[in-house]
Number of protein chains: 2
Amino acid sequence: MIRATTASGMRRTPAGTASPMTASPPAPSSAPAGRRTLRERKKERTYEHTARVAVRLIMRHGLAAVRVEDICEHAEIGRSTFFRYFDSKEHCFVAGVNLGHLKAVLAALDARPADEGPLTALCNAFLAIQEDWRRQRDILLLDARLRAEVPAVQAHTSATHLEWETRLAEAIAPRFPGTPDENQLQARILASGVLCAVRLANESWIASGATESPIPSLTAAFTVLRSLMTDHADNG
Amino acid sequence: MIRATTASGMRRTPAGTASPMTASPPAPSSAPAGRRTLRERKKERTYEHTARVAVRLIMRHGLAAVRVEDICEHAEIGRSTFFRYFDSKEHCFVAGVNLGHLKAVLAALDARPADEGPLTALCNAFLAIQEDWRRQRDILLLDARLRAEVPAVQAHTSATHLEWETRLAEAIAPRFPGTPDENQLQARILASGVLCAVRLANESWIASGATESPIPSLTAAFTVLRSLMTDHADNG
DNA sequence: GTTCCACTTGGCACTTTGTGCCATCTGGGA
DNA sequence: TCCCAGATGGCACAAAGTGCCAAGTGGAAC
């Protein structure tokens, strides 16, 4: 009635790597700190190419009409390989939509002067990459629609945002006074607030048709965020 | 090669209700504001019962070993019915784990004095329900493990938290000065911060074996949150 | 350059999932 | 009491996932 578990549902991924779980390329199997091996670059290429193909197909035909097999054909990989990288069509799509976004924010954050406080630096980093987002308008529009219609898309997107939270927290932790690991909590909470503001700004940008630049919405949201943080959130 | 879409992937739910999308009972089909109809109560019973059965089975046998069909047999519903309520095993499990949690926080929040500020009230509401959580220790432990191992569980959990954010924001908005819809942004961001703190506290509670009360972790996280909000997050 | 090994890939078979469709049942209102 | 919208369950079928194995390929050692 209840079948015995074969290997207990552990996901198989290339190189026995820990499963990606979100929209990120598979972790390097044995990164020697410095140079990335050809194998790794190839894997990343496959990952990104497949995700991009998925987005393209889904843009053209709709999520429901595209089968995993279609994606595999167009990306020229085997079905087995697909499932080694993604655990579903939806996962693949979300990965494709967010390809490079995290990397871009991290880079923008790195480019901020070291004496900028964590909140300011993070906000400025997001502002700096808005042009990229505006350019992706069509994809983001589709993404918003699918998030509203397909639970799995929403779910994977939320998971992706959670990963962003942890990665951004790591990145801004050094900007707090004190040692980085003392600051982990503060950094996480701050990152969460900023991400929430970004999400809301994006929602309102999308809701308004996404014709103008997303920067005004974003600036407005950041202003609210900043006033929350500096004024006082409370009287209790 | 790419097949035509039948009805474009729209999910079918009982009564043409909007899809739940997260771990919440199906929305009332035609709530006459006051009394809930027997039909509605029956639907909620089915939803909750099924989710509970799923959690029980998965606790006993593991996620991988339990099939949707097993859940259906034990819950005494048809497979069709299952998929009208949940879109996967994982969704069902996450729903079961979080059953009533949101309702409990909202109730606790309602019980806070009206003159408490939004931050304080929300923190206190979470503190008030910790005993419930401690009692669910075993379920939460399993949940944490599955979240780490199974992407879909993590994904649905994140989506659930996102829903909490919006619901809690609505609930605390009136506690801000000004009109509720002016405060929607502030409320969302504040809720996001509190939820982040709660998540982190829970993580550390779980990581420590979840033997003690979860309250110390939570208090610590709230202290950090409050200092972030009152002191100053930044110098920029 | 050759050889070897670890890792990745693709193909195949098989189970489980997810959906459409329809007949049946049931609660709620007239 | 009758009627109907909505909920359910069964069945059939396409698609998704997973395990297994044989074949290719990069990396490192010699």
Side-chain angles (χ1 to χ4, degrees), chain A residues 2-17 19 26-32 35-47 50 63-73 75-92 150-152, chain B residues 2-17 19 26-32 35-47 50 63-73 75-92 150-152:
Chain A
I2 302 236
R3 79 190 180 294
T5 305
T6 0
S8 214
M10 283 306 292
R11 177 102 157 297
R12 71 225 165 118
T13 62
T17 308
S19 87
S29 33
S30 60
R35 195 83 189 91
R36 304 182 55 223
T37 166
L38 167 60
R39 218 175 236 170
E40 284 170 341
R41 275 174 287 143
K42 215 169 179 181
K43 249 189 337 185
E44 184 171 337
R45 252 189 2 87
T46 305
Y47 178 90
T50 307
L63 180 66
V66 175
R67 292 167 310 166
V68 169
E69 195 169 322
D70 300 322
I71 301 172
C72 294
E73 276 175 21
E76 302 189 279
I77 60 170
R79 248 172 51 91
S80 319
T81 304
F82 178 93
F83 284 111
R84 283 190 191 98
Y85 284 92
F86 309 99
D87 42 272
S88 62
K89 214 171 33 176
E90 289 80 10
H91 181 193
C92 182
V150 183
Chain B
I2 301 236
R3 78 189 181 293
T5 305
T6 0
S8 213
M10 284 305 293
R11 176 102 157 298
R12 74 220 163 120
T13 63
T17 308
S19 88
S29 33
S30 60
R35 196 83 189 90
R36 304 182 54 226
T37 165
L38 166 60
R39 220 174 232 170
E40 283 171 341
R41 276 173 288 145
K42 214 169 179 180
K43 250 189 334 185
E44 184 171 338
R45 254 188 3 86
T46 304
Y47 179 90
T50 306
L63 181 66
V66 175
R67 292 167 310 168
V68 169
E69 195 168 323
D70 300 322
I71 301 172
C72 294
E73 276 176 22
E76 302 190 278
I77 59 171
R79 246 173 53 91
S80 318
T81 304
F82 178 93
F83 283 110
R84 283 190 191 98
Y85 284 94
F86 309 100
D87 43 273
S88 63
K89 211 170 38 175
E90 290 79 11
H91 180 192
C92 182
V150 183

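Here is how names work: the chains are called A, B, and so on, in the same order as the sequence lines, proteins then strands, and each is numbered from 1.
- Side chain Arg79(A) to base dG11(C): no donor-acceptor pair is found below 3.5 Å.
- Rounding to whole angstrom units, NE2 of residue His91(B) and P of dT17(C) are separated by 16 Å.
- For Ser80(A), no side-chain nitrogen or oxygen approaches OP1 or OP2 of dG11(C) to under 4.0 Å.
- To the nearest 0.5 Å, atoms OH (Tyr47(B)) and SG (Cys92(B)) are separated by 8.0 Å.
- Between Ile71(B) atom CD1 and dG18(C) atom C1' there is a gap of 14 Å when expressed in whole angstrom units.
- Atom CD1 in Ile77(A) sits 3.5 Å away from atom OG1 in Thr50(A) (nearest 0.5 Å).
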Below 3.5 Å is the cut-off: list the nitrogen or oxygen pairs between protein and nucleotides 22-27 of chain C, distance only.
{"residue": "dT26(C)", "atom": "O2", "partner": "Arg39(B)", "partner atom": "NH2", "Å": "3.4"}
{"residue": "dG27(C)", "atom": "OP1", "partner": "Lys42(B)", "partner atom": "NZ", "Å": "3.0"}
{"residue": "dG27(C)", "atom": "N3", "partner": "Arg39(B)", "partner atom": "NH2", "Å": "3.1"}

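- Using a 30° and 60° split on the angle between ring planes, His91(B) and Phe86(B) fall in the perpendicular class, above 60°.
- Atom NZ of Lys89(A) and atom CD1 of Ile71(A) lie 7.0 Å apart (nearest 0.5 Å).
- Per the geometry, CD belonging to Glu73(A) stands 14 Å off C1' belonging to dG10(C), to the nearest Å.
- In terms of the side chain to side chain contact (heavy atoms under 4.5 Å, CB included) criterion, residue partners of Glu69(A) (sequence neighbours excluded) are, by chain and number, Glu73(A), Arg79(A).
- If you find the closest nucleotide of DNA chain C to Thr46(A) and to Ser88(B), the one lying nearer the 5' end belongs to Thr46(A).
- Rounded to an integer number of Å, the gap from CD of Glu40(A) to C1' of dA6(C) is 14 Å.
- Atom CD in Glu76(B) sits roughly 14 Å away from atom P in dT8(D) (whole-Å rounding).
- Considering every non-hydrogen atom in both Gly78(A) and Cys72(A), the closest pair reads O-SG, 3.9 Å.
- Taking CZ of Arg36(A) as the reference point, atom NZ of Lys43(A) lies at 9.5 Å (rounded to 0.5 Å).
- Residue Phe83(A) contributes atom CZ, which lies 17 Å from atom P of dC20(D) at whole-angstrom precision.
- Separating the CZ atom of Arg45(A) from the P atom of dT9(C) is a distance of 11 Å, rounded to the nearest angstrom.
- Both Glu90(B) and Gly78(A) sit near DNA chain C, but only Gly78(A) has its closest nucleotide nearer the 5' end.
- One interatomic measurement links the two molecules: NZ of Lys89(A) to C1' of dT17(C), which rounds to 13 Å at whole-angstrom precision.
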